[in-house]
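This report refers to the structure that appears directly beneath it.
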Amino acid sequence: MLLAFSIAPQSTDDPDGSVAKAVAAAIKVVRESGLPHETTSMFTTLEGEWDEIMAVVKQCVDELNKHTNRISLVMKADIRPGYEGQLSAKVERVNALIGEDK
């Protein structure tokens, strides 16, 4: 399973409105999970089994609760039993089709 998610507090005390400190705390949880993952400017994608991924997302919510009492969480999943390594394989297939080797 791949799960892309975006998590952020709905408010911040930072004068410029940045939520980076709280998001960094959640990303630290993801990195410490040991699951394959990728973080981009808008989403973090995790790869693994349902229960282990959802446990990490819950830990991220718990971490953000230390920073705020209101959290925005968006999730999108690709549930495809029997497939592993899709975090990079899906991108590689598309790149091969358009002639890019990245």
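Throughout, numbering of the chain's residues begins at 1 and tracks the sequence. Below, each value reflects all heavy atoms present in this structure, side chains not excepted, and no hydrogens, waters or symmetry copies.
- In this structure, the side chains of V61 and I7 come closer than 4.5 Å at one or more pairs of heavy atoms.
- Linking Ile, Leu, Val, Met, Phe, Trp and Tyr residues whenever their side-chain heavy atoms come within less than 4.5 Å leaves V57 and M42 in two separate clusters.
- Counting only residues at least two apart or on different chains, the salt bridge (Lys or Arg N to Asp or Glu O under 4.0 Å) pairs with a member in residues 78-89 are D78-K90.
- Residue pairs satisfying the side-chain hydrogen bond (donor to acceptor under 3.5 Å, both in side chains) criterion with at least one member in residues 45-60, sequence neighbours excluded, are listed as follows: K58-D62.
- With sequence neighbours excluded, the residues that form a side-chain hydrogen bond (donor to acceptor under 3.5 Å, both in side chains) with R93 are Q86.
- Linking ILVMFWY residues whenever their side-chain heavy atoms come closer than 4.5 Å, directly or via other members, leaves F5 and L2 in distinct clusters.
- Applying the side-chain contact (heavy atoms from CB on, under 4.5 Å) rule to V91 yields the partners N95; only residues at least two apart in sequence or on another chain are considered.
- Neither Y83 nor L46 shares a network with the other; the hydrophobic side chains, linked directly or stepwise wherever heavy atoms of I, L, V, M, F, W or Y lie under 4.5 Å apart, form separate groups for each.
- Under the side-chain contact (heavy atoms from CB on, under 4.5 Å) criterion, E38 pairs with T40, L87, not counting sequence neighbours.
- Applying the side-chain contact (heavy atoms from CB on, under 4.5 Å) criterion to D16, with sequence neighbours excluded, gives D14, S18.
- I98 belongs to no hydrophobic cluster, as no Ile, Leu, Val, Met, Phe, Trp or Tyr side chain comes under 4.5 Å of its own.
- Rounding to the nearest 0.5 angstrom, the gap separating the CD atom in Q10 from the CD1 atom in I71 is 9.0 Å.
- Smallest separation of non-hydrogen atoms from T68 and S11: OG1-OG, 3.5 Å.
- Through direct or relayed side-chain contacts under 4.5 Å between Ile, Leu, Val, Met, Phe, Trp and Tyr, V94 connects to no other residue.
- Considering only residues two or more places apart in sequence or on other chains, K76 meets the side-chain contact (heavy atoms from CB on, under 4.5 Å) condition with none of them.
- By the criterion of side-chain heavy atoms lying less than 4.5 angstrom apart, applied directly or through intervening Ile, Leu, Val, Met, Phe, Trp or Tyr residues, V56 is grouped together with I79 in one hydrophobic cluster.
- Cluster membership check: M1 does not share its hydrophobic cluster with F43, using side-chain heavy-atom separations under 4.5 Å among Ile, Leu, Val, Met, Phe, Trp and Tyr.
- Qualifying side-chain hydrogen bond (donor to acceptor under 3.5 Å, both in side chains) partners for T39, counting only residues two or more places apart in sequence or in other chains: T44.
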List, one per line, each side-chain donor-acceptor pair under 3.5 Å for residues 22-36, sequence neighbours excluded.
{"from": "S33", "atom 1": "OG", "to": "V30", "atom 2": "O", "distance (Å)": "2.6"}
{"from": "S33", "atom 1": "OG", "to": "L35", "atom 2": "N", "distance (Å)": "3.1"}

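- Contact check for N65 versus H67: no side-chain heavy atoms found under the 4.5 Å cut-off.
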